[in-house]
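Heads up: the structure comes next, in structure tokens.
The structure displayed is predicted, hence computed values, not measured ones. Heavy-atom basis, side chains included; hydrogens, waters and symmetry copies ignored.
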Amino acid sequence: MTVEERLPVVGVVLAGGIGQRVGLRTPKQLLKIAGKPILEHTLALFDGAPEIDEILVVMAPGHTAEAEKMVARLAKGGKVIEGGASRTESTWRALQELGERECNVLLHDAVRPLLEQRIVTECVRALETYSGVDVAIPSADTVVVAEPTPDGEIIREIPDRAFLRRGQTPQCFRLSAIREAYQRAFADPEFLLHPPTDDCGVMLRYLPDVPIAIVPGSEHNMKVTHPLDVYLADKLFQLGSAGAPAASPEALRAGLDGKTVVVFGGSSGIGADVAALARDHGANVHCFSRTLNGVRVEDASSVEAAFEKVGEPIDYVVNTAGVLHTGRLAELDDATVAEAMNINYLGPINVARAAIRYLSASRGQLLLYTSSSYTRGRATYSLYSSAKAAVVNLTQALADEWTEFGVRVNCINPERTSTPMRLRAFGEEPEGSLLTSQAVAETSLDVLVSDLTGQVIDVRIRR
């Protein structure tokens with residue numbers, strides 16, 4: 001099939017579930033992961049997939065307004081319809097909405113927000129040959145067929161694991177084929193009594209002579225079904241954002257030219273490099289620090305005065321201010337403890353509280369910084385590690401709180417970095433063993449011009 005003959009591809013996002021197994025009143029597709037509702041992450045995947053031409057959302061009854069707001073922000077736009085009482089009914093409503101035309105349809109669970117672009121590409125390619133395509137992965141576990149007994153269950157059969165696959169989505173079809181399968185299904189009195197659990201099951205039962213191809217899925221393409229899944233998906237988003245997408249020079253210029261950037265801790269190290277790079281891309285940069293102009297992040301009034309001096313608009317706020325004290329906690333004096341906690345944790349809080357007024361007006365971003373030691377406290381680093389862990393939690397909480405204002409909040413997690421602060425604490429270290437502050441600053445700008453929120457972005461030495 002030539003490019004001119006290519007059938008349109010419609011991405012259908014099935015968001016009709018109410019999430020009873022998650023145990024919350026809110027439909028699970030509206031739960032927030034990495035600062036955004038799960039549905040919004042999934043829609044972004046389809047919006048960014050070049051193969052998908054249209055987007056249709058089948059939303060849980062009573063929640064179409066929330067979905068319509070998300071769809072309105074998509075570059076491709078889309079349509080939202082109300083789902084049915086079951087998966088099969090929701091799919092049938094989508095097929096009816098698409099009408100009698102011919103196209104390719106990708107039916108995807110809204111609560112699989114980690115779908116990879118590779119899978120979308122391979123599904124669309126497979127539809128050039130097949131009228132049905134499923135996404136599946138090998139079963140790592142042995143599957144047993146259980147037989148009920150008066151005392152419980154016993155194993156009746158153990159199928160050969162080599163032939164077993166775990167089905168995922170999207171499930172993809174030529175519209176005419178899946179429509180015919182559903183028409184036959186609804187003509188069968190047994191269908192509503194014993195419906196298949198998915199759309200490939202409908203195709204297999206009612207169009208058994210139509211082969212369904214399998215595209216390899218991914219372990220990351222998980223379905224958020226249980227409370228633990230929400231936690232795991234959030235962690236997978238963090239891992240996925242570890243390599244923040246490098247912005248092109250054009251994207252950096254478009255995202256920074258003429259914008260106002262405020263940098264706390266901008267007199268040296270990472271902060272100074274962020275400021276210099278932002279200026280190179282056309283930004284208006286204002287730097288504040290103790291040594292530069294007497295602004296102390298641990299003093300809320302000092303931070304507020306800095307913002308007032310800049311005035312509106314402010315598009316990006318970056319806080320790199322920090323202090324590194326090491327030593328056994330019992331041996332540190334009160335002044336050292338107070339300074340470490342006030343600068344490393346109270347400082348980001350003060351910056352955030354003062355920044356929200358400006359960032360909500362510009363729908364901008366707050367960028368904070370943690371340390372690789374935040375994942376596990378180490379001896380003699382108790383103050384630093386614990387404060388940096390708190391900054392990560394602060395980032396994630398603010399990303400959630402500020403979504404309604406359109407404000408993004410992210411956190412950079414650099415590997416050991418060559419900065420004046422580290423030099424004072426550890427002296428000279430072997431050449432090549434540390435990140436450069438320039439490398440951290442480059443990633444920082446990539447994140448500023450991205451649409452990420454609630455993410456902890458790792459920066460590592462390229463070895």
Review point. Which heavy atom in Y369 sits nearest to a heavy atom in S444, and how many Å separate them?
Key: OH-OG, 2.7 Å

Review point. When you measure from the side chain of N344 to the backbone N and O of G322, does any donor-acceptor pair fall under 3.5 Å?
Key: no

Exercise for review: Any chance you could lay out the side-chain contact (heavy atoms from CB on, under 4.5 Å) test for L346 and N350, step after step, and finish with the verdict?
Suggested key: CA-CA 6 Å; L346 182 59; N350 289 336; 3.7 Å; yes

**Study point:** Given V80, L39, L30, the one that forms side-chain contact (heavy atoms from CB on, under 4.5 Å) with H63
**Key:** L30

Point to revise | N342 side-chain N/O to A338 backbone N/O, donor-acceptor pair under 3.5 Å | key: yes

**Study point:** Step-by-step side-chain hydrogen bond (donor to acceptor under 3.5 Å, both in side chains) determination, S362 to Y316
**Key:** CA-CA 9 Å; S362 66; Y316 305 111; over 6 Å; no

Review point. Side chains of S386 and Y345: donor-acceptor distance under 3.5 Å anywhere?
Key: no

Check your understanding: Can a donor-acceptor pair be found between the side chains of Q171 and D198 at a distance below 3.5 Å?
Key -> yes

Review point. Do N319 and L367 come within less than 4.5 Å of each other through their side chains, counting heavy atoms only?
Key: no

Exercise for review: Say whether Q455 and N410, considering side chains only, have a donor N or O and an acceptor N or O under 3.5 Å apart.
Suggested key: no

Point to revise | Salt-bridge contact R87-D109 (side-chain N to carboxylate O under 4.0 Å) | key: yes

Practice item. Could you tell me whether F264 and F307 have their ring centroids closer than 6.0 angstrom? Key: yes

Check your understanding: Does the K388 side chain pair with the main chain of L383, one donor and one acceptor, at a distance under 3.5 Å?
Key -> no

Review point. Where is the tightest heavy-atom contact between V133 and C200, given as atom of each residue plus distance?
Key: O-SG, 4.3 Å

Point to revise | Heavy-atom pair of closest approach, residues I343 and V297 | key: O-CG2, 4.0 Å

Practice item. Please confirm whether the backbone N or O of Y381 pairs with a side-chain atom of T326, one donor and one acceptor, at under 3.5 Å? Key: no

Practice item. Check whether any side-chain N or O of R363 sits under 3.5 Å from a backbone N or O of V407 as a donor-acceptor pair, and report yes or no. Key: no

Sequence neighbours excluded and cut-off under 3.5 Å, please list the side-chain donor-acceptor pairs for residues 282-290, or say none.
residue: S289; atom: OG; partner: S267; partner atom: OG; Å: 3.3
residue: S289; atom: OG; partner: T291; partner atom: OG1; Å: 3.4
residue: S289; atom: OG; partner: L292; partner atom: N; Å: 2.9

Review point. Do V13 and F46 come close enough that some side-chain heavy atom pair is under 4.5 Å?
Key: yes

Check your understanding: Just one of T370, T443, D458 clears the side chain to side chain donor-acceptor pair (under 3.5 Å) bar with N413, so which one?
Key -> D458

Check your understanding: Got P216 and E122 here, is their nearest side-chain heavy-atom distance under 4.5 Å?
Key -> yes

Check your understanding: Does F405 reach the side chain of L359, with side-chain heavy atoms less than 4.5 Å apart?
Key -> no

Review point. Which atom names give the shortest non-hydrogen contact between A278 and L256, and what distance separates them?
Key: CA-CD1, 4.5 Å

Practice item. Tell me, please, which residues at least two apart from E401 pass side chain to side chain contact (heavy atoms under 4.5 Å, CB included). Key: L398

**Study point:** Carboxylate-amine/guanidinium proximity below 4.0 Å for D53 and R6
**Key:** yes

Exercise for review: Please check if the side chain of K32 supplies one atom and the backbone of D400 the other of a donor-acceptor pair under 3.5 Å.
Suggested key: yes

Exercise for review: Looking only at non-hydrogen atoms, find the nearest pair between V224 and A233 and report the distance.
Suggested key: CG2-CB, 4.0 Å

Practice item. Taking atom CZ of R118 as the centre, report whether more than 12 heavy atoms of other residues, nucleotides or ligands fall under 6.0 Å from it. Key: yes

Point to revise | CG (D334) with more than 12 external heavy atoms under 6.0 Å | key: no

Exercise for review: Report yes if some heavy atom in the side chain of V351 is under 4.5 Å from a heavy atom in the side chain of L366; otherwise report no.
Suggested key: yes

Check your understanding: What residues, two or more places apart in sequence or in another chain, satisfy side chain to side chain contact (heavy atoms under 4.5 Å, CB included) together with H325?
Key -> V323, T336, E339, A340

Practice item. Answer yes or no: is there a donor N or O on one side and an acceptor on the other, between the side chain of S139 and the main chain of L164, under 3.5 Å? Key: no

Point to revise | R73 and E40 ion-paired at < 4.0 Å | key: yes

Point to revise | A389 backbone acceptor or donor facing N393 side chain under 3.5 Å | key: yes

Check your understanding: Would you say D299's side chain and R296's backbone share a donor-acceptor pair under 3.5 angstrom?
Key -> no

Practice item. Please assess R166 against E219 for the test salt bridge (charged side-chain N to carboxylate O under 4.0 Å, His left out), listing each intermediate value before the final yes or no. Key: CA-CA 10 Å; R166 290 158 47 203; E219 291 286 355; 3.5 Å; yes

Exercise for review: Would you name the heavy atoms of Q365 and S450 that are closest together and state the gap between them?
Suggested key: NE2-O, 4.2 Å

Review point. For the side chain of D315 and the backbone of T260, is there at least one donor-acceptor N/O pair under 3.5 Å apart?
Key: yes

Check your understanding: Are L452 and R408 close enough that some pair of their side-chain heavy atoms sits under 4.5 Å apart?
Key -> no

Point to revise | Under-4.0 Å salt bridge between D47 and K76 | key: no

Practice item. Might you work through the side-chain contact (heavy atoms from CB on, under 4.5 Å) test for D199 and L14, ending with a clear yes or no? Key: CA-CA 12 Å; D199 303 306; L14 297 168; 4.2 Å; yes

Point to revise | Stepwise side-chain contact (heavy atoms from CB on, under 4.5 Å) check, L43 with I55 | key: CA-CA 8 Å; L43 289 173; I55 298 173; 4.0 Å; yes

Check your understanding: Any side-chain heavy atom of V318 sitting closer than 4.5 Å to one from V262?
Key -> no

**Study point:** Flag side-chain contact, heavy atom, 4.5 Å: E82 against R93
**Key:** yes

